[in-house]
Q: 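Please find one structure pasted underneath; my questions will follow.
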Amino acid sequence: MYFIANWKMYGDLKSLNSLSKVIKFSNKHKKKRFKLIYCPPYTLLESFSKKIAKTKIELGAQNCHFEISSGPFTGSISPSMLKKIGSKYVIIGHSENRSNGETDNQINKKIKSSIKCGLKIIFCIGETITQKKKKITNKILRNQILKGLYKTNNLNKILIAYEPVWSIGTGVVPKTSELDKNISFIKNVLNNNFKNKSPKVLYGGSVNPKNAKNLASIKNIDGFLIGGASQKAKNFIDIVKKTII
Ligand code: 13P
């Protein structure tokens, strides 16, 4: 199981205290089979990278530019910069960026550059509430997958994070039957189009210590991408405990 903390635009150096608690927890459960990945804002990548150096916790970033190494792109960070600072993962295609104008084509370019650079991808997909009401969720998910992953063959490097937009930050999670169905659909699309026998699909959207156990009862789920609840060490640890310990 993957537990990925997406801190979004939150956190400062004081947040390293929260990380210390999670490091302690991780060290205590070294032999258990789960992965903890932190995706703090860019400003904290270096300090997080140093702090987790001798632990099992891994580092990810929240976005990148599609230019692989450098260029005249004010305010942007390249995949190779992320790699050099110790990131192993990068989140791409988050709905908070899609809603700011990020296109499938840009997402595809970012994914390809990041893979070339040796990063693993946390590729976010998900339907809006309007699309859900129109009953076009499958069409949307399929489209996002095929366009985002166009001509990428190496699915071993990609984790899909299914995040229904209407679940993000709202406290509302899909019914387990709906989630099970959508995750199976995503896995089928991946299996049918990419010759990948065991794609990993995570769920994200209002995961918290109270609903984690129920959500994790869905066999198809390979982990969680957690926003708000990942910022407090106790909540993050409780989600892991409720799910697998
Ligand atoms: P919340 O867990 O705060 O709903 O955020 C989910 C998310 O967007 C993770 O990428």
Side-chain angles (χ1 to χ4, degrees), residues 1-11 15 18-19 22 34-42 44-45 48 57-64 82 87-102 107 110-111 114 119-129 131-132 137 140-141 144-145 148 158-176 178-179 182-183 186 200-216 218 221-243:
M1 281 290 272
Y2 287 82
F3 298 89
I4 306 180
N6 174 10
W7 273 21
K8 309 192 178 185
M9 201 171 71
Y10 295 96
S15 319
S18 159
L19 178 61
V22 177
F34 62 87
K35 266 188 187 288
L36 299 179
I37 300 163
Y38 265 96
C39 303
Y42 293 134
L44 291 176
L45 283 174
F48 270 54
I57 298 175
E58 293 178 305
L59 190 67
Q62 296 175 19
N63 199 356
C64 65
L82 296 177
S87 286
K88 295 223 168 95
Y89 295 81
V90 58
I91 296 174
I92 295 177
H94 196 284
S95 61
E96 286 154 10
N97 293 325
R98 289 181 190 260
S99 69
N100 276 333
E102 189 180 52
I107 290 169
K110 290 179 183 190
I111 290 178
S114 299
L119 291 168
K120 291 185 183 163
I121 317 297
I122 302 156
F123 172 41
C124 301
I125 58 172
E127 79 285 5
T128 64
I129 190 66
Q131 291 162 341
K132 174 178 154 66
T137 296
I140 296 297
L141 296 178
Q144 289 176 339
I145 294 170
I158 297 170
L159 304 171
I160 308 286
Y162 171 52
E163 300 204 305
V165 181
W166 48 275
S167 282
I168 296 176
T170 58
V172 182
V173 296
K175 287 190 195 118
T176 43
E178 179 182 356
L179 192 48
N182 290 350
I183 291 197
I186 292 166
K200 299 272 181 264
V201 182
L202 283 50
Y203 167 75
S206 297
V207 177
N208 63 40
K210 283 193 185 136
N211 59 26
K213 195 177 169 106
N214 191 36
L215 291 169
I218 298 168
I221 285 189
D222 299 302
F224 296 126
L225 179 55
I226 308 154
S230 70
Q231 284 158 36
K232 277 212 169 107
K234 183 176 179 332
N235 287 339
F236 194 37
I237 290 170
D238 280 350
I239 290 172
V240 182
K241 281 186 178 164
K242 293 262 159 72
T243 310

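As the structure lists them, so they are numbered: ligands from 1, and atoms in each ligand from 1.
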Q: Starting at NZ of K242, measure out to CD1 of I237 and round the result to the nearest 0.5 Å.
A: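 Answer rounded to 0.5 Å: 12.5 Å.
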Q: Any idea which part of N6 is under 4.0 Å from ligand 1, heavy-atom wise: side chain, backbone, both or neither?
A: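 The part of N6 near ligand 1 is the side chain, not the backbone.
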Q: Looking at non-hydrogen atoms alone, which of C39, G227, G169, G171 comes nearest to atom 4 (O) of ligand 1?
A: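 Looking at heavy atoms only, G169 sits closest to atom 4 (O) of ligand 1.
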Q: About how many Å separate CG of D222 and NZ of K35, when rounded to the nearest 0.5 Å?
A: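 Taking NZ in K35 and CG in D222, the distance rounds to 13.0 Å.
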Q: Quickly, which of F236, F3, Y38 forms a side chain to side chain contact (heavy atoms under 4.5 Å, CB included) with S230? Name it, please.
A: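 It is F236, the one option of F236, F3, Y38 that forms the side chain to side chain contact (heavy atoms under 4.5 Å, CB included) with S230.
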Q: Can you check whether I221 reaches I183 side chain to side chain, under 4.5 Å on heavy atoms?
A: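 Result yes, sub-4.5 Å side-chain heavy-atom pair found.
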Q: May I ask you to list the atoms of ligand 1 that are less than 4.0 angstrom from any heavy atom of G205?
A: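 Every atom of ligand 1 under 4.0 Å from some heavy atom of G205: 4 (O), 6 (C).
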Q: Would you mind checking which non-hydrogen protein atom is closest to atom 7 (C) of ligand 1, with the distance to 0.1 Å?
A: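 Nearest neighbour among protein heavy atoms for atom 7 (C) of ligand 1, to 0.1 Å: E163 OE2, 3.2 Å.
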Q: Can you tell me if A229 has a non-hydrogen atom under 4.0 Å from ligand 1?
A: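 It does not; every heavy atom stays at 4.0 Å or beyond.
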Q: Which atoms of ligand 1 sit under 4.0 Å from any heavy atom of L225?
A: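 Numbered from 1, ligand 1 contributes 9 (C), 10 (O).
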Q: So which of I111, L59, I121 actually passes side chain to side chain contact (heavy atoms under 4.5 Å, CB included) with V90?
A: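 Testing each of I111, L59, I121 against V90, the sole residue satisfying side chain to side chain contact (heavy atoms under 4.5 Å, CB included) is I121.
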Q: Can you sort out which atoms of ligand 1 are near H94, meaning under 4.0 Å from one of its heavy atoms?
A: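 The list of qualifying atoms is 7 (C), 8 (O), 9 (C), 10 (O).
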Q: For atom 3 (O) of ligand 1, what's the nearest protein heavy-atom neighbour? Residue, atom name and distance, please.
A: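 It is G228 N, 2.8 Å.
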Q: Looking at E127 and K132, is any side-chain nitrogen of the basic one under 4.0 Å from a carboxylate oxygen of the acidic one?
A: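 Salt bridge: no.
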Q: So for ligand 1, is K8 a polar contact partner (N or O within less than 3.5 Å, distance only)?
A: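 Yes - when backbone and side-chain N and O of K8 are compared with those of ligand 1, one distance drops under 3.5 Å.
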Q: So, for S206 and N211, which heavy atoms are closest and what is the spacing to 0.1 Å?
A: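 Smallest interatomic distance, heavy atoms only, reads O-ND2, 2.8 Å.
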